[in-house]
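By convention in this document, chain letters (A, B, ...) are assigned in the order of the sequence lines, proteins followed by strands, and residues within each chain are numbered from 1.
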Protein chains: 2
Amino acid sequence: MDQSVICPRFEKAMGMMSQRWTGLVIYQLLTGPKRFCTLETSMGISGRVLSERLKDLETHGIVKRDVYPETPVRIEYSLTEKGQALKPIIKEIEKWSQAWLPVESD
Amino acid sequence: MDQSVICPRFEKAMGMMSQRWTGLVIYQLLTGPKRFCTLETSMGISGRVLSERLKDLETHGIVKRDVYPETPVRIEYSLTEKGQALKPIIKEIEKWSQAWLPVESD
DNA sequence: ATTAGTAAGTTACTTTATGTAAGTAATTAT
DNA sequence: ATAATTACTTACATAAAGTAACTTACTAAT
């Protein structure tokens, strides 16, 4: 019953971006590498889902995971080139929100 | 525990766009007004959720609902100016998907 | 040597969101 | 009277996300 008249690549990208938290994770990583606990507390996502999203994004080649064997261990997540290429999308969402949403939203 | 360092307007926009189906509904409406059953079958969304999404989008002033009392009744959904303003976001997603996703995706 | 602390997760369980399929209301055609 | 069509809604099932406690690996303090 899949009436996909829509371009499958577009549909895939949209499917990814419309998963809860994905956009915000990318937004956070646009300002530089971040560690797990920083993302967790700065965006209020649950560890369970953050873990899941980072794995997905890594699988899709959008996020890179680097381990620094310090003490305690430091693990940093950052955007790959493919991930950085999502910046224009985030910027357009930012522009739209500033143009069309009220400053005092409930 | 809400550590929202993020701009609340941006967060709201992102929250909307990252709800399942929202982006695809807008994508469909960018090509002109559509009726319920057309959206339903062309994108494979369930009627239950489509109904919910259209109501939300109408509440947010993004979608307009017009009733034509023909027989059987025709109801058309279209984008408002605020909704049309989302076009650049969709276009950027389209661009990214064409630049970074393989043609043959499983 | 035991206790405590920290980062990065994972696990078990609960709540919320979405899918499925059948049902409703209004109208016209047969 | 029965069937058909559109635009939904409702009841129920499954999938996704939230919550809080637990694990592993390492070090520092008692």
Side-chain angles (χ1 to χ4, degrees), chain A residues 1-4 6 11-12 14-29 32-60 62-79, chain B residues 1-4 6 11-12 14-29 32-60 62-79:
Chain A
M1 308 298 175
D2 192 64
Q3 284 299 105
S4 181
I6 303 159
E11 209 170 346
K12 200 175 180 184
M14 187 59 95
M16 231 196 45
M17 290 304 292
S18 63
Q19 271 206 296
R20 196 165 194 180
W21 299 113
T22 299
L24 281 182
V25 168
I26 290 158
Y27 176 77
Q28 295 287 348
L29 295 184
K34 299 274 178 298
R35 45 203 306 188
F36 193 91
C37 63
T38 306
L39 291 170
E40 199 176 6
T41 61
S42 74
M43 49 194 270
I45 188 180
S46 73
R48 203 190 67 70
V49 175
L50 178 56
S51 173
E52 199 173 291
R53 284 299 175 277
L54 288 170
K55 258 180 222 160
D56 285 356
L57 290 170
E58 206 190 337
T59 300
H60 288 121
I62 288 165
V63 159
K64 194 166 60 78
R65 182 180 186 271
D66 289 304
V67 182
Y68 300 92
E70 302 168 358
T71 250
V73 68
R74 179 165 54 102
I75 292 171
E76 287 197 339
Y77 293 93
S78 56
L79 293 174
Chain B
M1 305 302 176
D2 193 63
Q3 284 298 104
S4 181
I6 304 159
E11 209 171 346
K12 200 176 178 183
M14 187 59 94
M16 229 195 47
M17 290 303 292
S18 63
Q19 272 206 295
R20 196 165 194 179
W21 299 113
T22 299
L24 282 182
V25 169
I26 290 158
Y27 175 77
Q28 296 286 348
L29 296 183
K34 299 273 177 300
R35 46 202 307 187
F36 193 91
C37 63
T38 307
L39 290 169
E40 199 175 7
T41 60
S42 74
M43 48 194 272
I45 187 178
S46 72
R48 205 190 66 70
V49 174
L50 178 56
S51 173
E52 199 173 291
R53 284 298 175 280
L54 289 170
K55 258 180 223 161
D56 285 356
L57 290 170
E58 206 190 338
T59 300
H60 288 121
I62 289 165
V63 159
K64 195 165 60 80
R65 181 180 187 272
D66 289 304
V67 181
Y68 300 91
E70 302 168 358
T71 252
V73 67
R74 178 165 56 102
I75 292 171
E76 287 198 338
Y77 294 94
S78 56
L79 294 174

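Considering all non-hydrogen atoms of both residues, B/L79 and B/I26 come closest at CD1-O, 4.0 Å. Of all heavy-atom pairs spanning B/W21 and B/M43, the tightest one is CZ3-O, 3.3 Å.
In this structure, the CG atom of B/D56 is 11 Å from the P atom of C/dA17, given to the nearest Å. In this structure, A/L50 places its CG atom 10 Å from P of C/dT10, rounding to the nearest Å. The nearest whole Å value for the distance from the CD atom in B/E52 to the P atom in C/dT20 is 15 Å. Atom pair B/M43:CE and C/dT18:P shows a separation of 12 Å (rounding to whole Å applied). Atom C1' of nucleotide C/dG9 and atom CD1 of A/I75 are separated by 8 Å, given to the nearest angstrom.
Rounding to the nearest 0.5 angstrom, the gap separating the CG atom in A/L24 from the CG atom in A/L50 is 11.5 Å. Going from atom CZ of B/R35 over to atom CZ of B/R74 covers 6.5 Å, rounded to the nearest 0.5 Å. Here the NZ atom belonging to B/K12 is positioned 15.5 Å from the CD1 atom belonging to B/I6, to the nearest 0.5 angstrom. Rounded to the nearest 0.5 angstrom, B/D56 CG and B/T22 OG1 are separated by 7.5 Å.
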Treating primed atoms plus P, OP1 and OP2 as sugar-phosphate and everything else as base, which nucleotides of nucleotides 25-30 of chain C get B, S or - for protein heavy atoms under 4.0 Å? --SS--
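Neither OP1 nor OP2 of C/dG9 sits under 4.0 Å from any side-chain N or O of A/S51. Regarding contacts with the backbone of C/dA17, every side-chain N or O of B/R20 stays at 4.0 angstrom or more from both OP1 and OP2.
Comparing C/dT11, C/dT20, C/dT10 against the side chain of A/R48 picks out C/dT11 as the nearest.
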Applying side chain to side chain contact (heavy atoms under 4.5 Å, CB included), run through B/L54 and B/F36 and close with a yes or a no. CA-CA 9 Å; B/L54 289 170; B/F36 193 91; 3.9 Å; yes
Would B/I45 and B/R20 count as a side chain to side chain contact (heavy atoms under 4.5 Å, CB included) if you check the C-alpha gap in whole Å, the side-chain angles of each, and the deciding distance to 0.1 Å? CA-CA 10 Å; B/I45 187 178; B/R20 196 165 194 179; over 6 Å; no
Run the numbers on B/S78 and B/D66 for side chain to side chain contact (heavy atoms under 4.5 Å, CB included), then give the verdict. CA-CA 8 Å; B/S78 56; B/D66 289 304; 4.2 Å; yes
Let's go through A/V25 and A/K34 carefully: what are the C-alpha distance in whole Å and the side-chain angles of both, what is the deciding distance for side chain to side chain contact (heavy atoms under 4.5 Å, CB included) to 0.1 Å, and is it a yes or a no? CA-CA 10 Å; A/V25 168; A/K34 299 274 178 298; over 6 Å; no
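Within 4.0 Å (heavy atoms only), A/Y77 reaches sugar-phosphate atoms of the nucleic acid but no base atom.
Counting only heavy atoms from C-beta outward, the side chains of B/Q19 and B/R53 approach each other to under 4.5 Å.
Nearer to the 5' terminus of DNA chain D, by closest-nucleotide assignment, is the contact made by B/K55 (compared with the other of B/K55 and A/Q19). For the pair A/E40 and B/R53, both in contact range of DNA chain C, the more 5′-proximal nearest nucleotide belongs to A/E40.
Using five terminal pairs a side, the axes of the helix from C/dA1-D/dT30 to C/dT30-D/dA1 at its two ends make an angle of 30°, given in steps of 10 degrees.
Along DNA chain D, the stretch of nucleotides lying under 4.0 Å from any heavy atom of chain B spans, 5' to 3', D/dT5 to D/dA11.
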